[in-house]
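None of these values were measured; they are calculated from a predicted model.
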Amino acid sequence: MKIKKALYNEALAEVLDAFEVNSDELFNNNKETCREGRMILIVALRPYLSCNDMAELCPMWRSSICTVINKFDRKALSWSAEVCLDRLKKRLDILEKELREQ
């Protein structure tokens with residue numbers, strides 16, 4: 001769980017910085033930037049965390065997380081969100097390798 005928590009914290013910090021919101025806004029606001037931020041966070045973490053793991057770490061229901069994953073359409077993302085997703089996936093790959101080597 002230590003690796004999962006580290007990956008989640010890194011991804012959350014990256015999303016909060018990229019979308020210029022705080023975690024309360026990200027999870028409780030329905031503005032487009034917040035919705036995209038939540039989507040990016042969940043989709044980027046999907047290869048590393050199960051829906052149950054994400055539900056334990058972030059203030060979202062498991063069913064909401066599954067809905068985001070199942071309805072994700074990369075074509076619907078804004079350009080900036082797509083760039084953020086690509087950058088975040090690369091960062092998480094590097095971080096996971098570093099954490100597993102320790």
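The shortest heavy-atom contact between Leu26 and Cys34 is CD1-O, 3.7 Å. Closest approach of Leu99 to Ala6, counting heavy atoms only: CD1-CB, 3.7 Å.
With contacts defined as side-chain heavy-atom distances shorter than 4.5 Å, the pair Asn30/Arg38 qualifies. Here the side chains of Leu12 and Phe27 are in contact, with some heavy-atom distance below 4.5 Å. Between Phe72 and Ile42, the closest side-chain pair of non-hydrogen atoms is not below 4.5 Å.
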Residue pair Arg100, Glu96: steps toward the salt bridge (charged side-chain N to carboxylate O under 4.0 Å, His left out) verdict: CA-CA 6 Å; Arg100 295 223 182 263; Glu96 185 201 26; 3.2 Å; yes
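Expressed to the nearest 0.5 Å, how far CE of Met39 lies from CG of Asp73 amounts to 8.5 Å. Distance check: Asn70 CG to Ser63 OG gives 11.0 Å after rounding to the nearest 0.5 Å.
Using modelled atom types, one side-chain atom of Glu25 and one backbone atom of Asn22 make a donor-acceptor pair closer than 3.5 Å.
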Please output the side-chain donor-acceptor pairs of residues 82-91 that fall under 3.5 Å, not counting sequence neighbours, one pair per line with the distance.
unit_1 : atom_1 : unit_2 : atom_2 : d
Asp86  : OD1    : Arg74  : NH2    : 2.3
Asp86  : OD2    : Arg74  : NH2    : 3.2
Arg87  : NE     : Glu14  : OE2    : 3.0
Arg91  : NE     : Glu10  : OE2    : 3.2

Please list every donor-acceptor pair under 3.5 Å in which a side-chain atom of residues 44-58 meets a protein atom from a residue at least two apart or in another chain.
unit_1 : atom_1 : unit_2 : atom_2 : d
Arg46  : NH1    : Leu49  : O      : 3.2
Tyr48  : OH     : Asp93  : N      : 3.4
Tyr48  : OH     : Asp93  : OD1    : 2.2
Ser50  : OG     : Asn52  : N      : 3.4
Ser50  : OG     : Asp53  : N      : 3.1
Ser50  : OG     : Asp53  : OD2    : 3.2
Asn52  : OD1    : Arg62  : NE     : 2.9
Asp53  : OD2    : Lys4   : NZ     : 2.8
Asp53  : OD2    : Ser50  : N      : 3.4

